[in-house]
Amino acid sequence: MRRQFIAGNWKMNTNRAAAVALAEGIAKAAASVANVDLAVCPPCCYLEAVGKALAGSKVGLGAQNMYHEKEGAFTGELSAGMLVDMGCKYVILGHSERRHILGETDAAINKKVHAALAAGLTPIVCVGELLAEREAGKTLGVIQCQFAGSLAGLASERMAKVVIAYEPVWAIGTGKVATPQQAEEVHLALRKILAEHYDASVAEGVVIQYGGSVKPENAAELLGQPNIDGALVGGASLKVDQFLGIIAGAKENR
Ligand code: PEP
C-alpha cells in the first residue's frame with residue numbers, strides 16, 4: 001500500500017534561525033498527522049541544525065542534492081555518506097533547477113541515484129517537461145526519456161525504494177499548477193513505464209509525488225487522484241501554515 005508523502009524543498013531560502021523555527025513549527029504540528037510521510041529538505045548548511053529541531057518528530061530530513069563519488073578531490077560537493085552522517089533519510093535528485101540552471105544530465109543524475117541508494121538514502125528523483133515540450137505534445141516522450149536515463153540500471157529491489165516526483169517545469173514557482181487531470185495522466189504513464197521496465201508489484205508500490213505550485217487550495221484535488229501519492233512542495237513549504245494546509249489535503253492512501 002502506498003502512503004502519501006509530502007516533502008518540502010526549501011531551496012536556497014531561510015537562514016539558520018528561520019530554518020530552525022520552520023522545522024520546529026512543522027515538527028510540532030506533525031505530531032497530530034497520521035498516515036502521511038513527511039520530510040523537509042533545507043539548504044545543506046542547515047541540515048544539522050534542522051535535524052536537531054526535528055529530532056524525535058515524524059518529519060524526516062532530506063538534502064537537495066549530492067555528488068555520486070564517495071570521497072576525494074571534489075571541491076564543494078557532498079557525498080551520500082556525508083548526508084547520512086548528518087541524519088538525512090532523503091535526497092532530492094534531478095530537480096529541474098539543477099537540470100536546467102546547473103546543467104545536470106540524466107547520466108549524472110543516474111550515478112547519484114545509484115550512490116544514494118547504496119548509502120541507504122531514499123532518492124526523490126524529479127522528472128518533468130518544459131512548457132515548449134508540453135505545447136509540442138512531447139510530454140510523455142520527455143518523461144519516458146528522463147525515466148530511462150535517470151533511473152537506468154536499477155534492480156527491482158532498488159527501484160522499489162525510489163520516490164519519483166513529477167514536476168512540470170512550467171508549474172514550478174510560477175503559480176501555474178497542472179490540472180489534476182494533466183498531472184494524473186503523467187502519473188499513470190509513469191506507472192505504466194514502471195510496469196513495462198519492472199512488474200506490476202513495483203509499479204503499484206513506487207510513490208510518485210506531484211510538484212509545481214502546490215498550495216493548500218489545490219492540494220486536496222491533486223492528491224485525490226489515484227496515482228498521485230503526495231507532493232514535493234517549494235514555495236508553500238516555507239510557511240508552516242501553508243505546508244500544514246497541504247498535508248491536510250493528503251488522504252489516507254489506497
Ligand atoms: C519545487 O521546488 O520542487 C517546487 C515544486 O516548487 P513550487 O512548489 O514553489 O512550485
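Just so you know, ligand 1 is whichever comes first in the structure, and atom 1 is the first atom listed for that ligand.
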Is there a side-chain contact between Lys28 and Val240 (heavy atoms, below 4.5 Å)? no

With a 4.0 Å heavy-atom cut-off (strictly under), which part of Ala236 contacts ligand 1: side chain, backbone, both or neither? neither

Under 4.0 Å, heavy atoms only, figure out whether ligand 1 is touched by the backbone of Ile172, its side chain, both or neither. both

Between Lys112 and Met66, is there a donor-acceptor pair closer than 3.5 Å when you use the side chain of the first and the backbone of the second? yes

Heavy atoms from other residues, nucleotides or ligands near NZ of Lys11 exceed 12 (cutoff 6.0 Å): yes

Any idea which heavy atoms bring Phe243 and Ala39 closest together, and the distance? CZ-O, 3.8 Å

If I apply the N/O under 3.5 Å rule, does Asn9 come out as touching ligand 1? yes

According to the interplanar angle, ranging from 0 to 90°, do the rings of His187 and Tyr166 count as parallel (below 30°), tilted (30 to 60°) or perpendicular (above 60°)? perpendicular

Under the criterion side chain to side chain contact (heavy atoms under 4.5 Å, CB included), I'd like the reasoning laid out for Leu131 against Val169: C-alpha separation, chi angles, the key distance, then a yes or no. CA-CA 7 Å; Leu131 182 59; Val169 181; over 6 Å; no

Nearest-neighbour protein heavy atom for [atom], which is reported as residue plus atom name and distance:
atom: atom 3 (O) of ligand 1; value: Glu167 OE2, 2.6 Å
atom: atom 8 (O) of ligand 1; value: Gly234 N, 2.8 Å
atom: atom 1 (C) of ligand 1; value: His95 NE2, 3.2 Å
atom: atom 2 (O) of ligand 1; value: Lys11 CE, 2.6 Å

Would you mind running through ligand 1 and noting each atom that sits below 4.0 Å from a heavy atom of [X]?
X: Gly212; answer: 5 (C), 10 (O)
X: Gly235; answer: 7 (P), 8 (O), 9 (O)
X: Ala171; answer: 10 (O)
X: Gly173; answer: 7 (P), 9 (O), 10 (O)

List the steps and the verdict of side chain to side chain contact (heavy atoms under 4.5 Å, CB included) for Ile26 and Leu38. CA-CA 9 Å; Ile26 293 169; Leu38 301 173; 5.5 Å; no

Got a list of side-chain donor-acceptor pairs under 3.5 Å for residues 149-164, not counting sequence neighbours?
residue : atom : partner : partner atom : Å
Ser150  : OG   : Arg99   : NH2          : 3.1
Ser150  : OG   : Asp106  : OD1          : 2.8
Ser150  : OG   : Gln146  : O            : 2.9

